[in-house]
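One structure is given below, encoded as structure tokens.
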Amino acid sequence: MHLGSRPARTSLTVLALVAAILALVLGGAGPAFAHAGLRGSDPAEGSVLATAPKQVTLTFTESVGFSDDSLRVLSPENQRVNPRPAQHADGKDNTARVELSDKLAQGTYTVAWRVVSADGHPISGAFIFSIGKPSGTAAVVATDSIEDTAAARLYGFLRHVAYSGLALLVGAVSFVLLCWPTAAAVRPVRRLLTVGWVALVVSTAALLLLRGPYETAGSLTSAFDLSRLGRTVTGRPGIALVVRLVLLAMAAVLLRRWALRLDRHDGGDRHDEGTMPGDLGARVRAVGVVFALALAFTWAGAEHASAGIQVPLAIPVAVLHLLAMGVWLGGLITLAIVLRRRAPGLGEVPASAIGRFSTVAFTAIAVLVGTGMYQSWRQVGSWEALSTTSYGRILGVKLVAVVLVLVVAFFSRRWTARLDREALPAAERQTVAEPERVRVVETVGAPPSPVAPVAGSTPDVPAGAEPGDDTEPPAVETEGHRRRLRRTVAVEAVLGVVVLAITTLLTGTQPSRAADGAATAAATAPEPQAKVVTVPFDMGTANQKGAVQITLEPGRVGENTVEAVVYTADGGFATVPELRLTLTQDDLGIGPLDAKLKNQKGYWATYDLQLPMAGAWTLNITVRTTDIDQVTVRETIRIT
């Protein structure tokens with residue numbers, strides 16, 4: 001929409017703000033925040049311990065929350081060996097610790113974890129460590145994506161519905177309060193308010209039920225588990241959803257009282273005024289602002305803005321961003337509806353109301369741009385992140401969509417400016433009495449006299465006007481401008497919905513700073529104390545297949561200990577008469593180096609294998625099961 005009567009200046013301002021977005025988004029990168037990542041563990045991943053540990057501790061890049069099943073330690077037989085749920089270690093909220101059972105057997109143990117980041121998104125992973133020596137394991141850990149569950153997909157859809165409901169509710173109310181109070185009597189506008197409120201209530205209630213299955217990767221039926229629901233309402237996301245439902249219940253009562261008072265006040269105050277009747281407008285605006293801020297806080301206080309850097313600033317910025325989105329997009333949809341309908345007794349939308357929304361929409365877009373600049377810098381932080389992370393790529397798509405919206409808005413502002421210039425005099429004549437038409441005598445060569453009416457003089461003209469003045473634009477031209485405005489507003493609204501959908505997707509995507517932080521944590525984490533590979537073999541005859549597990553400790557350049565264990569096809573230990581291992585470095589032409597494994601009565605080992613170079617080494621494993629049956633299998637391992 002336009003600012004004043006200078007759409008060209010407005011469009012240049014918007015383009016300058018878009019350029020500022022790009023400049024700030026691509027600023028210097030900082031530390032990683034939002035969406036936790038695993039920083040380290042004790043025991044370390046891949047380590048081989050001489051004695052059984054008493055506990056397992058995980059350390060994350062930010063504070064995390066967890067449920068009873070968030071951290072599981074599984075034995076080689078897939079039995080859980082942590083009898084109690086996880087707790088924070090030493091009061092640090094970025095840690096998770098479980099105590100282990102006594103007398104743990106030798107072998108390889110699996111640690112599976114799934115926790116909830118401070119911004120409300122679940123993350124998961126798994127790793128292994130061994131006691132005494134590595135072994136085979138029957139532990140089963142889910143490897144599906146966190147979001148690849150029915151509960152997670154439905155949860156994501158309902159979040160979009162909730163955002164849409166907020167936009168409709170805030171936008172319709174703001175349009176009525178700030179632009180055209182008479183629109184409160186228009187049935188489609190009231191219906192839009194109802195749809196927004198119902199969508200927000202239903203989606204919030206469903207999100208509250210689904211929060212438990214979403215966090216724990218549970219089934220949809222577990223949404224009705226009362227114990228799980230009880231844990232949900234004690235967490236920050238659950239509390240935010242409960243508060244949202246309470247606010248919506250109060251809003252329903254207030255909206256109903258507001259509508260009744262409007263209906264009783266002079267038939268709804270049918271005059272084209274920018275204020276509500278009496279003191280009602282000021283009170284309603286104040287209450288509406290408070291409720292809108294509180295509703296937006298239920299999002300900002302439990303998502304990306306609540307974790308990471310500058311939280312005291314990030315939360316109010318996120319609140320303003322949400323409200324500006326609602327005022328602009330919801331108001332745009334409301335305007336599109338009233339432009340296409342004539343309400344009984346109200347007629348066309350006044351040009352003054354369209355002009356007021358023009359100013360409101362421009363202000364909302366300016367707030368969206370400013371807050372979006374800050375949020376983009378906070379979550380992305382670097383040029384590279386725009387192309388190397390999912391969050392950056394989605395943000396790039398959003399920026400393209402926003403530019404398209406601004407282009408369409410430019411044309412909407414043009415038609416609004418023309419409609420404002422042409423239709424406003426006609427609107428004024430609807431509220432002001434027609435001037436008295438008189439006949440005046442004009443002397444040849446003399447200026448016309450505004451008084452002294454004489455019969456039989458010049459044709460009728462309004463007093464004080466020159467003959468031939470065009471005081472009212474052609475109705476056809478005005479209607480044409482309205483028709484074009486309706487089209488551009490509709491396109492702008494559709495593009496706005498697309499931007500909202502992309503924004504919803506962004507709120508569920510790991511921010512670029514967090515992705516960089518996870519990579520940094522992985523790069524700085526200590527190297528595993530051993531490298532373990534399991535290589536299957538099959539000689540093509542009955543009972544002549546199984547697997548060989550090779551462990552290199554520490555798996556780095558220099559002297560290494562090698563242990564090898566042979567398993568049968570059903571996972572049991574196997575005894576073979578001969579096992580040979582050689583290593584080659586194909587890129588540098590090194591090898592084969594014979595590991596010279598020796599039978600240690602149950603497993604094969606050597607304790608002084610020298611590896612001279614880092615890189616990818618090929619393990620050539622020859623297994624002989626009888627005097628005539630043997631097979632050679634290969635696997636690649638990276639030495640650091």
Side-chain angles (χ1 to χ4, degrees), residues 31-42 44-45 56-74 82 85-89 92-98 110-128 141-156 159 207 210-218 228 231-232 235-238 240 302-309 311 379-380 385 388-392 394 504-525:
F33 294 98
H35 270 25
L38 182 63
R39 176 174 292 166
S41 64
D42 183 18
E45 179 179 0
V56 171
T57 304
L58 306 184
T59 303
F60 297 90
T61 56
E62 67 172 46
S63 60
V64 294
F66 33 72
S67 62
D68 292 345
D69 293 329
S70 285
L71 185 54
R72 297 178 297 137
V73 183
L74 305 174
N82 59 302
Q87 302 290 333
H88 290 302
K92 298 178 180 178
D93 57 7
N94 67 328
T95 61
R97 173 179 290 173
V98 290
T110 302
V111 179
W113 53 270
R114 183 181 177 93
V115 298
V116 180
S117 303
D119 61 0
H121 296 284
I123 57 172
S124 64
F127 65 89
I128 62 171
V141 178
T143 58
D144 294 339
S145 169
I146 294 175
E147 303 297 332
D148 191 22
T149 65
R153 290 191 291 270
L154 183 57
Y155 191 89
R159 290 176 65 210
L207 288 171
L210 288 170
R211 184 70 199 180
Y214 171 65
E215 291 182 353
T216 61
R228 181 167 290 179
R231 288 192 295 269
T232 295
R236 183 163 57 180
E303 293 193 349
H304 286 166
S306 63
I309 59 175
V311 171
Q379 302 294 357
V380 179
T388 59
T389 65
S390 297
Y391 190 94
I394 296 173
T504 306
L505 183 60
L506 274 177
T507 60
T509 303
Q510 185 181 38
S512 301
R513 286 185 185 267
D516 291 342
T520 301
T524 58

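Nothing here was measured: the structure is a model prediction, and the numbers come from that model.
By the 4.5 Å heavy-atom criterion applied to side chains, Asp69 and Thr216 are not counted as neighbours. Contact annotation: the side chain of Ser63 never approaches that of His88 to less than 4.5 Å [non-hydrogen atoms, C-beta and beyond]. Annotation: side chain of Thr59 is not in contact with side chain of Lys92 (no heavy-atom distance under 4.5 Å). Within the 4.5 Å cutoff, the side chain of Leu38 has no heavy atoms near those of the Glu45 side chain. With a 4.5 Å cut-off on side-chain heavy atoms, Tyr155 and Leu207 count as touching. In this structure, the side chains of Thr61 and Arg39 come closer than 4.5 Å at one or more pairs of heavy atoms.
Nearest heavy atom pair, residue Gly218 against residue Arg228, reads CA-NH1, 4.1 Å. Nearest heavy atoms, Ser117 versus Glu62: CB-OE2, 3.4 Å. Closest non-hydrogen pair, Ala302 versus Ala240, comes out as CB-CB, 4.0 Å. The shortest heavy-atom contact between Ala151 and Pro213 is CB-CB, 3.7 Å. The two residues Pro122 and Glu215 have their closest heavy-atom pair at CB-O, 3.9 Å. Across Thr149 and Ala217, no two heavy atoms sit closer than the pair CG2-CB, 4.4 Å.
Asn94 places a side-chain N or O within 3.5 Å of a backbone atom of Phe60 that can act as its donor or acceptor partner.
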Apply the test side-chain contact (heavy atoms from CB on, under 4.5 Å) to residues Val115 and Ile123: give CA-CA distance (whole Å), side-chain angles for both, the deciding distance (0.1 Å), then the verdict. CA-CA 6 Å; Val115 298; Ile123 57 172; 3.7 Å; yes
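In terms of the side-chain contact (heavy atoms from CB on, under 4.5 Å) criterion, residue partners of Leu71 (sequence neighbours excluded) are, by chain and number, Leu58, Ala86, Ala96, Val98, Val111, Trp113.
To the nearest 0.5 Å, atoms CZ (Arg153) and CG (Leu210) are separated by 12.5 Å.
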